[in-house]
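Reading through the structure tokens given below for one structure.
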Amino acid sequence: MKIASFNINGIKARLSALTDWLDEAQPDVALLQEIKTVDEGFPHEPFEDRGYNVETHGQKSFNGVAILSKLPLEDVTRGLPGDDEDDHARWIEATVVGEKSSVRLCGLYLPNGNPAPGPKYDYKLAWMQRQKKRAAELLATEEPFLMAGDYNVIPQDEDAKRPKAWAEDALALPQSRAAFRELLAMGFTEAFRARVPGPGHYTFWDYQAGAWNRDDGIRIDHFLLSPQAADLFVGVGIDKDVRGREKPSDHVPIWVELDA
């Protein structure tokens, strides 16, 4: 089972970029972030024509997450529990039914948090605490699950081409990194780093200042696997070349393969 995650940065603006990648990469499931549309405005047809079931949790002009799946989806839920006043569309869950195993998927778009300090950064850290609580609930089921998407966290200096340039940014502040490590300490496997060590691996390049041409990137899109999902873990990758194509997102797809 190939499960991908892609911050598409506007589903309508990047539709052809997304469908071209889907045709090439052929993921069984794709978790999308920043679809930037209400549910009714999501273009279902291009994906359904390709055999994907579509589930969305949208919001006008901002945020928004979705799941595309060629496999059956069950028990779809929307929104991260823990704050009834939070109206940001940043979390979607579903169980995907594979040939060998079912896997609970949590697709997420974690708050950016800038400017920090400030209310946006407070929201980011509070959101991560809610994520931790939800993760504990899912761990208690002892069923395979994963949390994947745009975490807006640079876990370590080696995950940035120029770490000093990000030192005061919400993505790399000590509290952000500590909250990410707290998640890992619950027993999760960070899929990419479990297989690929060292610097020079990025998932985001800014549109400004020729960042892509200089490979001035950061790694902020991550797969966290529960112990039961980690037992199924086969492979992982970053589809870096997608960033160099016409009208790209500023992120690229990441993916894992599970024996499910």
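This one's a predicted model, so the numbers in the text were calculated from it and none came from an experiment. Index from 1, following the sequence.
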Side chain to side chain donor-acceptor pair (under 3.5 Å) between W21 and D239: does it pass, once the steps are laid out?
CA-CA 9 Å; W21 168 75; D239 289 347; 2.9 Å; yes
Mark yes or no for whether K133, through its side chain, and P81, through its backbone, hold a donor-acceptor pair below 3.5 Å.
no
Around atom CG of D84, are there more than 12 heavy atoms from other residues, nucleotides or ligands closer than 6.0 Å?
no
Running the 4.5 Å side-chain criterion over Ile, Leu, Val, Met, Phe, Trp and Tyr, what cluster does Y121 land in, apart from itself?
L125, L173
Positive for side chain to side chain contact (heavy atoms under 4.5 Å, CB included) with L171, one of V153, D159, L110, I220:
I220
When you look at Q26 and K70, which way does the side chain to side chain donor-acceptor pair (under 3.5 Å) test go after all the steps?
CA-CA 10 Å; Q26 291 292 320; K70 290 183 177 179; 2.7 Å; yes
Do Y207 and N9 have side-chain atoms, one donor and one acceptor, less than 3.5 Å apart?
yes
Could you tell me the separation between the CD1 atom of I8 and the CG atom of L31, rounded to the nearest 0.5 Å?
13.0 Å
Y202 and D216: side-chain donor and acceptor closer than 3.5 Å?
no
Establish, from distance only, whether the side-chain atoms of S5 and Q33 form a donor-acceptor pair under 3.5 Å.
yes
Are a donor atom and an acceptor atom from the side chains of K36 and Q59 found within less than 3.5 Å of each other?
no
Are the side chain of S176 and the backbone N or O of A172 linked by a donor-acceptor pair below 3.5 Å?
no
With side chain to side chain contact (heavy atoms under 4.5 Å, CB included) as the test, pick out the partner of L68 among D28, L73, T56, L32.
L32
Taking D20 first and then R14, would you say they form a salt bridge - that is, a charged N and a carboxylate O separated by under 4.0 Å?
no
Where at least one partner belongs to residues 46-78, residue pairs that pass ring-ring contact (aromatic ring centres under 6.0 Å, His included), sequence neighbours excluded:
F42-F47
For T203 and D221, does a side-chain donor sit closer than 3.5 Å to a side-chain acceptor?
yes
When you measure from the side chain of K60 to the backbone N and O of V38, does any donor-acceptor pair fall under 3.5 Å?
no
Tell me if a side-chain donor or acceptor on R214 pairs with a main-chain N or O of A209 at a distance below 3.5 Å.
yes
Answer yes or no: is there an ion pair linking K164 with D157, defined by an N-O contact shorter than 4.0 Å?
no
Quick one: does NZ or CZ of R90 land under 6.0 Å from the six-membered ring centre of Y109, within 45 degrees of the ring axis?
yes
With salt bridge (charged side-chain N to carboxylate O under 4.0 Å, His left out) as the rule and sequence neighbours excluded, what pairs involving residues 95-121 come up?
D75-R104, E93-R104, K100-D259
Just to verify, what does K132 make a side-chain contact (heavy atoms from CB on, under 4.5 Å) with, not counting sequence neighbours?
Q129, E182, L183, M186
Please list, chain by chain and in numerical order, all residues satisfying side-chain hydrogen bond (donor to acceptor under 3.5 Å, both in side chains) with D241, sequence neighbours excluded.
R245
Quick check against the 3.5 Å criterion: does K161 have a side-chain atom that pairs as donor or acceptor with the backbone of H201?
no
Residue pairs meeting ring-ring contact (aromatic ring centres under 6.0 Å, His included), one or both in residues 218-260, sequence neighbours left out, come to Y151-H222, F180-H222, F204-H251
Carboxylate-amine/guanidinium proximity below 4.0 Å for R134 and E137
yes
